[in-house]
Structure formats: structure tokens, C-alpha cells
Amino acid sequence: MALDPEAIGKMHEKKERSHELPDLPDSENGVIMRFAPNPSGPLHLGHARASVLNDYYVKKYGGKFYYRVEDTDPKRVDPAAYEMVIEDLKWLGIGITDVIYQSDRFEIYYDYARELIKIGGAYMCTCDNNEFREKKLKKIPCPCRDISVEENLKRFEDMLAGKYAEGEITLRIKTDISHPDPAVRDFAAMRVLTSTPHPRKPGVFVFPLMNFSVVIDDHLLGMTHVIRGKDHIANTRRQEYIYNYFGWKMPHFYHYGRMSIAGLELSTSGMRKGINEGLYTGWDDIHLGTLRALARRGIQPEAVRAATIDIGMGDTDISFSWENLFAQNKAVIDAGADRYFFVPDAVEVDIAGAQNTQAHAPIYPNQPERGDRLLSFTGKVLLPKAEMEIGRMLRLKDLFNIKVTGVNTAEYAGNSLADARSSKAAIVQWLPAEMAVPCSLLMPEGISEGFCEPAVLGYAGKIVQFERIGFSKIDAVKDGKVIAYFTHR
RNA sequence: GCUGAUAUAGUGUAGUGGCCAAUCAUGCCGGCCUUUCACGCCGGCGACCCGGGUUCGAAUCCCGAUAUCAGCACCA
């Protein structure tokens, strides 16, 4: 079979709406990157950016992509998140090479901490946290900064032996106490935490802080490039000290700007609070920006991916636009979405003067070969209440014209489509009263109750387009009733 | 307060000194197609934050102002 290469190219052009991201340096032999979230809940749109961007380059250049679970703060671990994140990544189509749990690596961090102390790159600080902070802001070193390596090592082993209580001691990286940026001055690298047991390692009570464990792992795993949010920009500067102490090569770092989403709670803790308070039904509540909420609404991973790559990794702060995501999603789902009638806020209408007949409505107008839906007319139909203005002429789509004569009555007004056109009659969706299936359409602003075609009962889990309403994901079908989530127009 | 970053149409994005009276997508408006307010097609609307400077020439480089954001945690 001969294929026209040009035609294939065009097909791709239409499908791939997102642009190419700029090249990465030192990528000739592949890249090693990672997605390293804190397992505190399921993934949301913000995580999508981090994971998709990194994944994009690993797919582009080849190499490895680690999902590294940054569970070094037991206070911020939701055990359920371990599994949820994996599910979400799978849904998003992220190609994970390996999964690393930082909570499996405490001994490694301890070893490198000892090394760092030995080479004078870190010290064990027993100062009060607030006092240290005040000194730091005034560029004054704390007394612990000058203790000997031997004493530091002793304090370190004492810490591991449990001789210090929570908050009594901190491993600090020796940077430059008068560094112009107060954020980098002798930052903390390890601490004791006994109040919250770690879900995976209940016996551990000495925990590394992110800036320490991240450097150790990034180096050990051979990370070549790191793309992360600009909230880490100061961390990169801090981490540079550790790289330099060990003489390690730094990966290339990129920091993208902040992304806000209009009217949407994006922090995991905020969402959790809302769920606990009953404000949201769960992690997949339609009002949330979690990937599972988007999935439930009928947003496809390809659309999230395209929208994310379209945004790119610029360091400008941006406001995420639902419009752009919906446009991407529409491009993905339209061709696969069969068309059906959904009559919201339905009224039963007797139509006088019409013969019993059958309507043939195309399942997908642009592709007649997909077939028709057969809708029988026997005198009574369901119509959207909003269309029922007395005296108005309506065209029942794929059937005939009527004239509204009362709240529940209408009369036959001919078959001519041309008449309907010339009198500017609205072409409306309708249902035979006897074959209407109750259907609740959940929209962000509320639930629209109505009826849909019986065939929709067979679409559980799929997306249809309710004509004149919009795309909808059939969430559940039970007891002959349809629950649908409105996706977008 | 200190440190750093950013500033192109409603939104997102391209553009790294002349080819930019500025790209693409989305949005909006108009038209075509159509028994959906979908898809598709055609046309249109709409932007270089402000002020200096460098240069023959700046959206692109420099300085300043303003605004926004991030960090200054025993979070990530």
C-alpha cells in the first residue's frame, strides 16, 4: 500500500500542536533526569509540569528517568501517596526507568555526612534555632562553627546514638556566613526528629534535609540535568557548596517560573484540608487540580502533556489557562466522542398532529459510516425547558419542526428543514419520552439533571459529546441511571 | 530588610542587534460548511512594562524605575 508521506506529515502536524522545547547542552550521549516529589498526596497540575518536562527530554535524548521518592520528612509523608503517585505517573505516560526511595538510603546519607564533617564542610550545631537565625541574618557565625572535626564527629555519632533530643542538634553545611544571600548562609542538612515515626522506617530518628539528600542522590545516580521550579533556585546555590566540597560535577539546573491556576487550590495540604472538611468529595473532586480529578472529568493525559510542553520551562510566572488545556483536549477527544442527546431540565411535551416515525441521528456527523441512532417518535417527547417559549418554532434535530403552544404542548409544523432555517428556528435536542434515561451531568458550577439516550448506558468510562451541551465523561452507570462529568465544550 | 529572577496580544508561546510595523496556539469577532453553540475551512481583532543609554540600527545589549514572583525553615 502506498502512503503519501506528505499526507502523513500533515496528520502529525494536526495532532502535535505543541512546539518543540529548546535543546539541552551535553545531551549527546543521553540524559539522566528525575522526578522527585514529596509523597504527600496525589499528583496535580504543578507536578505534571515537573514530570512532563523532564520526561520530555529523557524521551528526546534517551537515558534514564528516576522517580525518586523524597520521603525524608515523616511529617510530610502520606503513606497512600506512594501508590497514588505511581498511578498518576502511569496515567500521564511518564517513562520511569527506576524508582528510588530516599527512606531506603539513610545509611548512605549518614556516611556522606561523616565524610563532609571530616573534610570540614559541615558542623554539628547545638544552638537554638531562633538564635542561629538571628545571628545568621547579622552575618555572625555561631560558636559551633569552630569546633574540631573530632568533636563534630563525636556529636554526630552521639546524635545517631540517640543522645540528642528533637531540636537539640543540627548538621549544618559550612558555606559563607557573610554570603550576600542570607538563604545560603550555613544551611541545615540533618536533624533529629522523634515526634513522628517514619511510615516506612519507624526506627529512624535522624533525618537528612532535602538539600543534603538531594545532592548525594543526584550525584550517586549520575543526574545530568534537573528541571524544577524556581522555588529551588536558592537551593541550587546552597547545594553547590556540597558539590564543591566533594569535588563533584554539578548537573545542569533549570528553574521554571511559578504557575498559578485561577480559582484553584493547588497545594496538597490545602486540598487535604478541604477534603477533611467535606468541601471536596475526595482527591478526584471535580473542583481540584489533581490529575485524577482531571481524568475523571475526561481530560486526557496527552492533552495535559501537550499543554505542559506548550508552557515550557520559562522562568516567567504564568497563569495556567483552562482554555488552552481544553483546546488541546478537544483535539484529542473529538474524533472519538460519539454524539448523543442530553436534555437538561426536561419537560414532557405532547406533540399534536404528527405521525409516528423514526429519526436517524448520526453518531458522528463527519463520518456517516459510524452509523445512526434510531429515535422513535410516538407523540410525546422530552425537551429542554429553556427552549419552551410559547409561540416559538423549534426544529427537533433529525426529526421535524414544531410550534410551541403551551408549557407541555406543541404542534407539528412540517418536515422542512428549509422552513426551520428561514424562520430561524433553533435546532434542539430531544428524546422520546418512553426511552429517556435519567442522567445527572456534574459541572463545576453544579449538577444538571436531565435525561439522555439509552445507548449512553453502554458508555461507562468513555467520553461522549452531548449535542449542544459539550463533551462529557460517562462516570458511572447504575440502576439504569447515568452519572456524567462535564468535560468542556 | 537582604538575595535572586522575570517583564512580548485576554491566556500561553516564538524571537538572543538588522530578514520583526513581531511567530504559533488558544480566545474573541465575521463568513463558509453543517439538521449540535462540535469538527473543519477562510478572514479579522489583539502585544514588545516605563525611562534613559550603547549602536548606523534594539523586543533583542547596558543602567535605572516600576511591578510581579521566589528564597532567607530542624519542608520539599
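Each chain gets a letter, A, B and so on, in the order its sequence line appears, and its residues count up from 1.
B:rC20 is unpaired under the criterion used here, namely a Watson-Crick or G-U wobble arrangement in which both key atom distances are under 3.5 Å. When both distances must be under 3.5 Å, the Watson-Crick or G-U wobble mate of B:rG27 is B:rC45. The nucleotide B:rC39 finds no pairing partner, because no Watson-Crick or G-U wobble arrangement with both distances shorter than 3.5 Å includes it. Under the Watson-Crick or G-U wobble criterion, with both distances below 3.5 Å, B:rG1 is paired with B:rC72.
Comparing the same atom, C1', in B:rU23 and in B:rA47 gives a spacing of 12 Å after rounding to whole Å. Using atom P as the reference point in both B:rC19 and B:rA38, the two lie 39 Å apart (nearest Å). One P atom belongs to B:rC28, the other to B:rC39, and the distance between them is 10 Å to the nearest Å. Across the C1' atoms, B:rG52 and B:rA65 are found 10 Å apart, a figure rounded to whole Å. Using C1' as the reference atom, B:rG64 and B:rA7 are 15 Å apart when rounded to the nearest Å. Across the C1' atoms, B:rU68 and B:rA22 are found 24 Å apart, a figure rounded to whole Å. The P atoms of B:rA59 and B:rG53 are separated by 15 Å, rounded to the nearest whole Å.
The closest side-chain donor-acceptor pair between A:Ser103 and A:Arg200 falls under 3.5 angstrom.
Side chain of A:Asn324, nearest nucleotide from B:rA76, B:rG12, B:rU35: B:rG12. In this structure, of B:rC74, B:rC37, B:rU3, it is B:rC37 that holds the atom nearest to the side chain of A:Arg489. Comparing B:rG1, B:rU35, B:rU11 by their nearest atom to the side chain of A:Ser321 picks out B:rU11. Proximity note for A:Asp231 (side chain, C-beta onward) versus B:rA76, B:rU3, B:rU35: the nearest is B:rA76. Comparing B:rU3, B:rA7, B:rA76 by their closest approach to the side chain of A:Pro180 singles out B:rU3.
Residue A:Met313 contributes atom CE, which lies 24 Å from atom P of B:rC69 at whole-angstrom precision. In this structure, A:His232 atom NE2 and B:rA5 atom P are separated by 18 Å, rounded to whole Å. For A:Arg238 and B:rC74, the CZ to C1' distance is 12 Å, given to the nearest whole Å.
The existence of a salt bridge linking A:Glu157 and A:Lys163 is excluded, since no basic side-chain nitrogen approaches an acidic carboxylate oxygen closer than 4.0 Å.
The two atoms that bring A:Arg185 and A:Ile177 nearest to each other are CD-O, 3.1 Å, heavy atoms only. The minimum heavy-atom distance between A:Pro197 and A:Pro74, with the atom names listed, is O-CB, 3.8 Å. Closest approach of A:Ser448 and A:Pro344 over heavy atoms only: OG-CB, 3.5 Å.
Proximity of A:Arg237 to the phosphate of B:rU3: no side-chain N or O atom is located under 4.0 Å from OP1 or OP2. OP1 or OP2 of B:rC39 sits under 4.0 Å from a side-chain N or O of A:Lys330.
No hydrogens or angles were tested; on distance alone, nothing pairs the side chain of A:Gln328 with the base of B:rU26 as donor and acceptor under 3.5 Å. The base of B:rC74 lies outside donor-acceptor range of the side chain of A:Asn129, with no N or O pair under 3.5 Å. Side chain A:Glu323 to base B:rG12: no donor-acceptor pair is found below 3.5 Å. Judged by atom type and distance alone, A:Arg468 does not reach the base of B:rA38 through any side-chain donor-acceptor pair under 3.5 Å.
A:Gly312 comes within contact range of no nucleotide atom at all, as no heavy-atom separation falls under 4.0 Å. Note on A:Asp181: a base of the nucleic acid sits closer than 4.0 angstrom, heavy atoms only. Residue A:Thr72 is in sugar-phosphate contact alone, with no base atom involved, counting any heavy-atom pair closer than 4.0 Å across all strands shown.
Expressed to the nearest 0.5 Å, how far CH2 of A:Trp283 lies from CG of A:Asp88 amounts to 10.5 Å.
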